[in-house]
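The next block holds one structure in the form of structure tokens; read it before the comments.
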Amino acid sequence: MKTLLAAVISLALCGAAGAAEKGSKEEAVAMVKKAVAMVKSDGKEKTFAAISDPTNTTFHDRDLYIYVYDFNGVALAHGNNPKMVGKSLIGLKDNEGKLMIKEMIDVAKTKGSGTVDFKWPNPVTKTVESKAGYVEKVDDFLIGSGAYK
């Protein structure tokens, strides 16, 4: 009986650890708010450099990272894929055909902040997963992050 109990406890702990490996929606929103605050206090240049630095744990935590797009869809900073910076991604579609960058821009411009659901590769699992992206408008660009579901 002790062996069975130990096995059940072990499985429960593994499940809890697996859940902790993913960032939550609340953590993604909090990360965006930190980036918005840094833009206001330290300026865009310093903030975008911090976002692009993978060793900066303020903007990189497990599968959470920050991305920044101007309202033309040009990536200004990207915490997971620096190759995207400087490119216009307004026409980028997820694997279900959703124009997610365009939708993020629309949400930021019309509502100021909000969530966009899309499919995107998880940097930890390397598989395409559902993601809830939270964005906030700052001047003429948006700052976002998202939690994998």
Side-chain angles (χ1 to χ4, degrees), residues 10-149:
S10 177
L11 283 172
L13 290 174
C14 287
E21 289 175 15
K22 284 191 174 191
S24 70
K25 207 172 187 177
E26 295 76 18
E27 289 171 316
V29 170
M31 190 179 280
V32 169
K33 294 200 177 292
K34 286 179 189 173
V36 169
M38 186 173 178
V39 166
K40 292 178 180 175
S41 66
D42 297 348
K44 291 191 294 190
E45 190 174 313
K46 190 171 181 180
T47 305
F48 294 175
I51 289 166
S52 300
D53 178 2
T55 65
N56 183 325
T57 57
T58 300
F59 301 125
H60 300 84
D61 180 17
R62 295 160 292 167
D63 58 356
L64 297 176
Y65 55 89
I66 294 287
Y67 42 82
V68 182
Y69 295 98
D70 71 14
F71 290 150
N72 294 314
V74 176
L76 303 177
H78 202 285
N80 186 51
N81 191 346
K83 293 176 187 169
M84 296 173 93
V85 175
K87 295 181 180 172
S88 177
L89 302 170
I90 192 103
L92 185 65
K93 296 178 183 177
D94 73 1
N95 68 347
E96 293 183 346
K98 184 177 221 173
L99 289 165
M100 64 222 199
I101 307 300
K102 183 180 180 326
E103 193 170 323
M104 288 179 201
I105 292 166
D106 291 345
V107 167
K109 285 173 82 172
T110 60
K111 298 179 183 175
S113 66
T115 304
V116 174
D117 292 323
F118 57 97
K119 306 268 187 180
W120 194 251
N122 182 317
V124 176
T125 66
K126 308 295 186 211
T127 59
V128 175
E129 297 178 27
S130 293
K131 186 173 186 175
Y134 173 77
V135 297
E136 274 192 32
K137 179 181 187 279
V138 181
D139 301 325
D140 59 351
F141 59 93
L142 66 84
I143 295 178
S145 183
Y148 292 91
K149 300 177 184 180

Taking all non-hydrogen atoms of both residues, which atom of A147 and which atom of A28 are closest, and how far apart? N-CB, 4.2 Å

Note, E27 side chain near R62 side chain (heavy atom, < 4.5 Å): yes

Could you tell me which non-hydrogen atom of F71 sits nearest to which non-hydrogen atom of D139, and how far apart they are? CE1-O, 3.8 Å

Are the side chains of D140 and D70 in contact, using a 4.5 Å heavy-atom criterion? no

Please give me the minimum heavy-atom distance between H60 and N56, naming the atom from each residue. ND1-O, 2.9 Å

Would you say the side-chain atoms of Y148 pair up with the backbone N or O of P121, donor to acceptor, closer than 3.5 Å? yes

Looking at K98, I'd like to know if its NZ atom is crowded, meaning that more than 12 non-hydrogen atoms belonging to other residues, nucleotides or ligands lie closer than 6.0 Å. yes

Taking all heavy atoms of A132 and all of T115, pick out the closest pair and write down the distance. CB-CG2, 4.0 Å

Nearest 0.5 Å please: distance from the OG1 atom of T127 over to the NZ atom of K119. 10.5 Å

Report the distance from atom CZ of F141 to atom CZ of F48, rounding to the nearest 0.5 Å. 4.0 Å

Just so I know, are the side chains of E103 and F118 near enough to count as touching, which here means a heavy-atom distance under 4.5 Å? no

Does any part of the side chain of D117, heavy atoms only, come nearer than 4.5 Å to the side chain of K149, both counted from C-beta? yes

Please find the pair of heavy atoms, one from A77 and one from I51, that lie closest to each other, and give the distance. CB-CG2, 4.0 Å

Would you say that Y65 contacts H78 through its side chain, given a criterion of any heavy-atom pair below 4.5 Å between the two side chains? yes

Any idea which heavy atoms bring A108 and L142 closest together, and the distance? CB-CB, 3.9 Å

Donor-acceptor pairs are to be reported for all side-chain atoms of residues 30-43 against protein atoms at under 3.5 Å, with residues two or more places apart or in another chain.
unit_1: K33; atom_1: NZ; unit_2: E136; atom_2: OE2; d: 2.5
unit_1: S41; atom_1: OG; unit_2: A37; atom_2: O; d: 3.2
unit_1: S41; atom_1: OG; unit_2: M38; atom_2: O; d: 3.4

I need the I101 CD1 to N72 CG distance, nearest 0.5 Å. 13.0 Å

Could you go through residues 82-93 and list every donor-acceptor pair under 3.5 Å that involves a side-chain atom there, pairing it with any protein atom two or more places apart or in another chain?
unit_1: K87; atom_1: NZ; unit_2: K83; atom_2: O; d: 3.3

Distance from D63 atom CG to S24 atom OG, nearest 0.5 Å? 9.5 Å

Can you tell me how far CG of L76 sits from OG of S52, rounded to the nearest 0.5 angstrom? 10.0 Å

In this structure, OG1 of T125 is separated from CD of E21 (nearest 0.5 Å) by 10.0 Å

